[in-house]
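Below: the structure, in structure tokens.
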Amino acid sequence: MADIVTPPVSPNGRKRLDFDQIKKTVIDSQIWRSIFRGGVWKDTPRDRAAHIIGNVWLHLHPVKVRKRAIEWTYTWGLGGISFMLFLILTLTGVLLMFYYRPTIDLAYRDMKDLEFAVTLGKLMRNAHRWSAQAMVVFVILHMMRVFLTAAYKKPREFNWGVGVLLLTFTLFLSFTGYLLPWDQLAIWAVTVGTNMAGASPFLGNEGPFGSLMGMRINNDIRFTLLGGTTVGENTLLRFYVLHCVAVPLLVGVLLILHFWRIRKDSFSAAPRDPNEEKVEVWPNLIVREYMAAAGCVLVILLWSVLQNAPLEVVANPNVTPNPSKAPWYFVGLQELLVYFDPWIAGVVIPTVIIIGLMAIPYLDEDPRGVGYYSIRERPFANTLFLLGIAMWFILIFIGYFCRGPNYQWYWPWESWLKVKAPPPPTWSLPMWAGGLLLLAYFGLGLVAPKLIQKDINWKKAFLWCGAALTGFSLICLFQGITWDRLPWLYFFGFAYFLFGFLVPQRYIRTLSWTRYIVTMSLVLMMMGVLLKMGLRLGFDIKYVFTLPQFSLNI
Amino acid sequence: MSLRKLFNFFNLSILLVFLIAFWIDYHREWKIYQRAYYQKTADSLGKKLATLSDPEQKKALKTQIKFWRKHPLEIKQIIAKDLGRVDRCITCHVAMDEFTNPSLTSDIPENPYKAHPDLAVLVKNHPLQKYGCTTCHAGQGLSTTLEEAHYKVTEGHTVVWEEPILKQPYIQASCAKCHADFEKLRGAEMAALGKDLFQKHGCIGCHQLKGVGGVISVDLGDIADKPLARIAPHNFEEAGVPHDKYSVQSWIEAHLTKDPMDFVSNDPLGKFNAEPIAPSGMPPYYKELKEKEAKALTTYLLSLSNKSIPKDYYVYASPKPEPNFNNAVEHGKYVFNKYGCQGCHGMDAKLGRRNFNALGPGQDSSKPWEIEEMAKGQEPTLVDVVGTYTRGELKKKIQDGVPASSLAKFNPDGPIPPLYMPSWREKIKGQELEDLVSYLLSIAKKQESW
């Protein structure tokens, strides 16, 4: 310390300002020391650890993490970016709340105010809109990353469940926000979305057993959601409160839980070599987290400058746009309405997806593959999970880009101005045939892979499948099916054979019966959706099996 | 790139993009117009300065010039409370802002700086602070860019907003919305002409106006409110309306300047639907309406709205009294025109108009069933056919009408003809019916006696 004491002197003899001395005085002052613990930063390991432990914002981090955890190619920063988007949404959302009034006379007017009169109002709205869309994407990507690195496995099963809930709430947050601009896009997307609730079994007036429970249009779950029988003033207020207060609070609570569990269960990244040294979180991880967050802010900001959030003509409950579509992340479910009865497409399938996702850690008891990407160690889990994600996005793609007026099929490059002939008439299988087919599919499909106890040769299996499909297609040709339908038959036939039979047979036949049956049911249901799409799009089959009493139309 | 460089890059980029966003936000389109107005005002005062000699006056004028040059830029708006409008038009059209320019006059002849025309009548009787701008001119009052405020209606597949700005002569529709006696108003001549033409051409025979008139086609009583989403974009396309001109105005005008059959072709051959659907039943009027007349009719129709107007803004007028006739035939002719019979049977009943796929006189059903041939079907030409009826039969025919299902078709598999004779029992009765029949019998072509 002695060397600092002599103040530097300039050539002309006057004292110069000594910055080091000033810095020391400031840092040693009572005010500074009461706010920031620790003295002058000397960048020792102790300093770096204290920086994490002694800071309320950072102390959720451990002091040291595995090397792999700070690699871009392990996490891709996806969870952090999702959280950053949540923060951007909170900030822009609060700013927007200063200008927005949730009544049907004023809401749309306030949108125009934001665009034309409020300083940076348009930027705030754009950023809020695009961040919300991006958050949905990044939460899904984050889920994919966690799945592919098996980070949901013991002891992190519960946190995976919390994550699935957070995904659901992210979708719900985005959906409730969709209504608030009160334009045509808003009310009709929400109408499409909430109509599905009316088809819930027991709780919806149009769903099976609804009338049994005394459900009418003015007391069912849809009515509860809307605060009326149509999307109106009450709905706007309800969605506003849900969007701005209720759901964000819930998400906040779950986020705290989510983060705390990551800390407690320790980060999933596996060591590259068993004796490796961990690296310090400050600065290694913190700087990367900052970078991901900053990159996220930059892209959102840039995108918001370049691209305006959509705003259509003011909402009019009497004028239905053609076509009306749900928000894009629900368009997949809307597209499923083409293939299934509303209560199956809108209620059963999403419920099964959510519960199925949450069940994954309890079904997958294989301890291998935690903390790194490996298709070789987890061929079944990764293949089927990616297939599911791909199907979700293919459905969204079809619903969003391939459906035009009257929800008819228009290729993305086709003009909607062209009037199209209606699609060929659909037909349904007779009840006995459909029943038998379903029974065979779920009965045989469920047990056959487990009962065949030896490894099937891939090449031979494909040859056999090809031969069977060729034979079947010949019968179909004689029955009057045209040549152009054959690719459908082969594609979906092979897809089922590979993902619904061969892969499960090879990799999960050793599971215990309970786990095997649950897993296989989920696989068969997923493949069933795919097969039904093939039957509808390729062969115009409306329903395979109908039980009108319960509106069970599959 | 090292992490430190990346760190700096991100931070600087965020700052830069935010500054760019702020710059864009700060340099809004309306500021250019408003600033130009103040500068032009100062410039014209500057010219005046050169002619002055009195130093006192000069000093006063100089202060004024300075005032205009340094005038802060601001969004100006009129809140027309009764009419539920907030109009920011005066942000750019500064000469029409009473607070900036109390005289409301302007030396600058071009938009957006010019003064409102006819201040003495239009503005004096419709104070801007009370009526706002969009009440008459339509457009989007809250918008502050040229495109968003005036024209932009569609973007891609979606309607961004309805009601593009109304220009002459269509803006006269706004006069007619409140002034029930608009036929007498100076400046609403086109709307008045439109109303005359509507009656003269018998539009009322098929189209009701708020419940009054024939029931064959849509009620036009609220046609100005028709949402664009109810008009299929491909119909606009076939009518030759460009994408940026989609509006109710161009939709109405297309019906009057083109053949409606060509752009509301529907499905006469049953290609897309289970049953064939006839094209628009509206006969082509483009041959008999001049361009100006079509505009006048459009103007009148754009005044037909169901949107509520506070009743003290409404100018009432008593309906025109029925004229008196001594002559039964004269009265009959008046009745013929009053109920719009000429809409289908032609002016003075001289030529039946097109009725798609109806078997018209002289039509040969052995000809191929093509759209062109089906389009030759027509309504009865009364001068030719009434002579074959007795007075009683004719009365019964008018009272009962002829339902579309019992019309003879040219192509039996084709669509039901869109036009038909409705039952007039409840509408034309008593002396009116008697005299109408007298008139019709009087114009029948004389049969050759044998």
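Just so we're clear, the structure is a prediction, and the values are computed from it rather than from any experiment. Here is the naming used below: chain letters follow the sequence lines, and residue numbers restart at 1 for every chain.
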**OP:** On the 0 to 90° scale, with breaks at 30° and 60°, tag the B/Y38-B/H71 ring pair as parallel, tilted or perpendicular.
**Re:** parallel
Side chain from CB out, backbone as N, CA, C, O: work out which of these in [X] comes under 4.5 Å of a heavy atom of chain A, or both, or neither.
X	result
B/Q77	neither
B/N11	side chain
B/F18	both
B/R88	side chain

[X] portion near chain B, given a 4.5 angstrom heavy-atom threshold:
X	result
A/R109	both
A/D183	neither
A/E115	both

Hey, is the main chain of [Y] close enough, under 3.5 Å, to the side chain of [X] for a donor-acceptor pair?
X	Y	answer
B/H137	B/C133	no
B/K31	B/Y26	yes
A/Y100	A/M111	no
B/D97	B/F99	yes
A/D110	A/R101	yes
B/D87	B/C89	no

[X], [atom1] atom: more than 12 neighbouring heavy atoms under 6.0 Å:
X	atom1	value
B/Y313	OH	yes
A/Y99	OH	no
B/K226	NZ	yes
A/W72	CH2	yes

Original post:
Got B/Q249 and B/L166 here, is their nearest side-chain heavy-atom distance under 4.5 Å?
Top reply: yes
Original post:
Do A/W182 and A/V231 come close enough that some side-chain heavy atom pair is under 4.5 Å?
Top reply: yes
As an exercise: rank [options] by heavy-atom pairs under 4.5 Å with chain A and give me the winner.
options	result
B/S143, B/P233, B/A21	B/S143
B/L142, B/T154, B/I75, B/T91	B/L142
B/E148, B/R28, B/K271, B/Q140	B/R28
B/A229, B/P227, B/A232	B/P227

Subject >> Option from B/V218, B/L302, B/L301 for which side chain to side chain contact (heavy atoms under 4.5 Å, CB included) with B/I223 holds >> reply: B/L301
Original post:
Do B/F263 and B/H255 have ring centres separated by under 6.0 Å?
Top reply: yes
Original post:
Of all of A/T119, A/L123, A/D105, A/T320, which one pairs up most often with chain B through heavy atoms under 4.5 Å apart?
Top reply: A/T119
Original post:
Pick from A/N322, A/V319, A/L120: which one has the most heavy-atom pairs with chain B under 4.5 Å?
Top reply: A/L120
Subject >> Donor on one side chain, acceptor on other, B/E162 and B/Y246, under 3.5 Å >> reply: no
**OP:** Return yes if a side-chain donor-acceptor contact under 3.5 Å exists between A/Q133 and A/W328, otherwise no.
**Re:** yes
Proximal to chain B - members of [range], heavy-atom separation under 4.5 Å:
range	result
residues 79-93 of chain A	none
residues 292-310 of chain A	A/A294, A/G295, A/V297, A/L298, A/L301, A/L302, A/V305
residues 417-425 of chain A	A/L417, A/V419, A/K420, A/A421, A/P422

Subject >> ring pair (Phe, Tyr, Trp, His ring centres under 6.0 Å) partner of A/W413, the single match among A/Y410, A/W411, A/W416 >> reply: A/W411
**OP:** Could you pull out all residues at least two apart from B/E238 that satisfy side chain to side chain donor-acceptor pair (under 3.5 Å)?
**Re:** none
